[in-house]
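Worksheet: one structure, shown below.
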Amino acid sequence: MLRTFLIAGFAVLALAACSKRTRPPGGDDICWHVAPQTDGTLKFNKLKAGVPDLEHCAAELESMRVRFLRLGGSQREVVGAFKGNFIFVERRGIFTAPSLEEHRYLAMVRTGDGRLAVPGAMPRAPEPAAPAQ
């Protein structure tokens, strides 16, 4: 009985590993804006070339999002891609994932004034001193 359960468990894991994943284009130093289409596909629009890293691509996506909002748009969240990773610009911060179906990881957080910063880069308030005994 245990053997059957183990075989079934490994079969489920093998099928999950083979499931189709939506991957973004690679492209050296190209920041992409990802636009979902009505037929369920994704359109990758080149936003900027010569982008040095993910943080700069996220800044370009954030800048695009703010410009569209100022023009009267209502899109509060933007999806982009950089070097084979998706970038999700959300209200809470910037998240990244290797595919649309995988878990998103925090890449940048919003500071108190709305700017973006790498987690842990902002100085922390000093701890209150312990009372003398």
Side-chain angles (χ1 to χ4, degrees):
M1 174 129 171
L2 179 62
R3 181 178 175 188
T4 306
F5 178 73
L6 287 174
I7 291 172
F10 284 125
V12 168
L13 287 174
L15 287 175
C18 295
S19 65
K20 185 175 184 272
R21 303 222 189 270
T22 307
R23 304 255 185 223
D28 292 334
D29 305 331
I30 298 174
C31 184
W32 302 92
H33 170 247
V34 181
Q37 303 298 296
T38 55
D39 62 356
T41 61
L42 298 175
K43 182 177 181 183
F44 293 90
N45 302 308
K46 186 189 285 188
L47 183 60
K48 187 172 184 181
V51 179
D53 52 32
L54 185 128
E55 288 84 6
H56 284 86
C57 182
E60 290 292 332
L61 289 164
E62 172 72 1
S63 175
M64 181 191 79
R65 183 187 76 84
V66 169
R67 281 193 310 266
F68 283 160
L69 286 173
R70 287 182 180 156
L71 291 171
S74 61
Q75 186 90 18
R76 299 239 178 247
E77 296 183 355
V78 175
V79 179
F82 182 74
K83 287 192 177 180
N85 285 304
F86 280 103
I87 301 171
F88 305 92
V89 180
E90 299 178 2
R91 180 180 56 84
R92 299 176 297 151
I94 307 292
F95 295 83
T96 184
S99 75
L100 286 180
E101 296 79 16
E102 292 184 56
H103 181 73
R104 297 176 183 182
Y105 297 96
L106 182 64
M108 300 178 83
V109 294
R110 294 204 184 270
T111 61
D113 59 358
R115 293 180 296 160
L116 293 169
V118 177
M122 297 302 293
R124 298 178 73 188
E127 297 289 327
Q133 292 183 9

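Proximity of Cys31 to Leu61: side-chain heavy atoms (C-beta onward) are separated by under 4.5 Å at one or more points. Side-chain contact check for Leu100 versus Leu42: some heavy-atom pair is nearer than 4.5 Å. For the pair Met64 and Leu47, the minimum side-chain heavy-atom distance is below 4.5 Å.
To the nearest 0.5 Å, atom CD of residue Glu60 and atom CZ of residue Arg65 are 14.0 Å apart. With rounding to the nearest 0.5 Å, the separation of CD in Glu90 from CZ in Arg76 is 14.0 Å. To the nearest 0.5 Å, atom CZ of residue Phe86 and atom CZ of residue Arg104 are 10.0 Å apart.
For the 3.5 Å distance criterion, the side chains of Glu102 and Ser99 qualify, holding a donor opposite an acceptor.
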Problem set entry | Derivation and outcome, salt bridge (Lys or Arg N to Asp or Glu O under 4.0 Å), residues Arg67 and Glu62 | CA-CA 9 Å; Arg67 281 193 310 266; Glu62 172 72 1; over 6 Å; no
Problem set entry | Stepwise side chain to side chain contact (heavy atoms under 4.5 Å, CB included) check, Val79 with Val89 | CA-CA 6 Å; Val79 179; Val89 180; over 6 Å; no
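Remark: the backbone N or O of Glu77 is not paired with any side-chain donor or acceptor of Arg91 at under 3.5 angstrom. Using modelled atom types, no side-chain atom of Gln75 and backbone atom of Gly73 make a donor-acceptor pair closer than 3.5 Å.
The two atoms that bring Thr96 and Ala107 nearest to each other are CG2-CB, 4.3 Å, heavy atoms only. When all heavy atoms of Pro98 and Asn85 are compared, the closest pair comes out as CA-OD1, 3.5 Å. Contact detail for Ile87 and Phe82: the closest heavy-atom pair is CD1-CB, 3.8 Å. Summarising the geometry of Trp32 relative to Cys57, their closest heavy-atom pair is N-SG, 4.5 Å, with the distance given to 0.1 Å. The two residues Phe88 and Ala97 have their closest heavy-atom pair at CE1-CB, 3.9 Å.
Residue Lys83 places its NZ atom among more than 12 non-hydrogen atoms of other residues, nucleotides or ligands, all under 6.0 Å distant.
Tyr105 and Phe95 are members of different hydrophobic clusters when ILVMFWY side chains are connected at heavy-atom separations under 4.5 Å.
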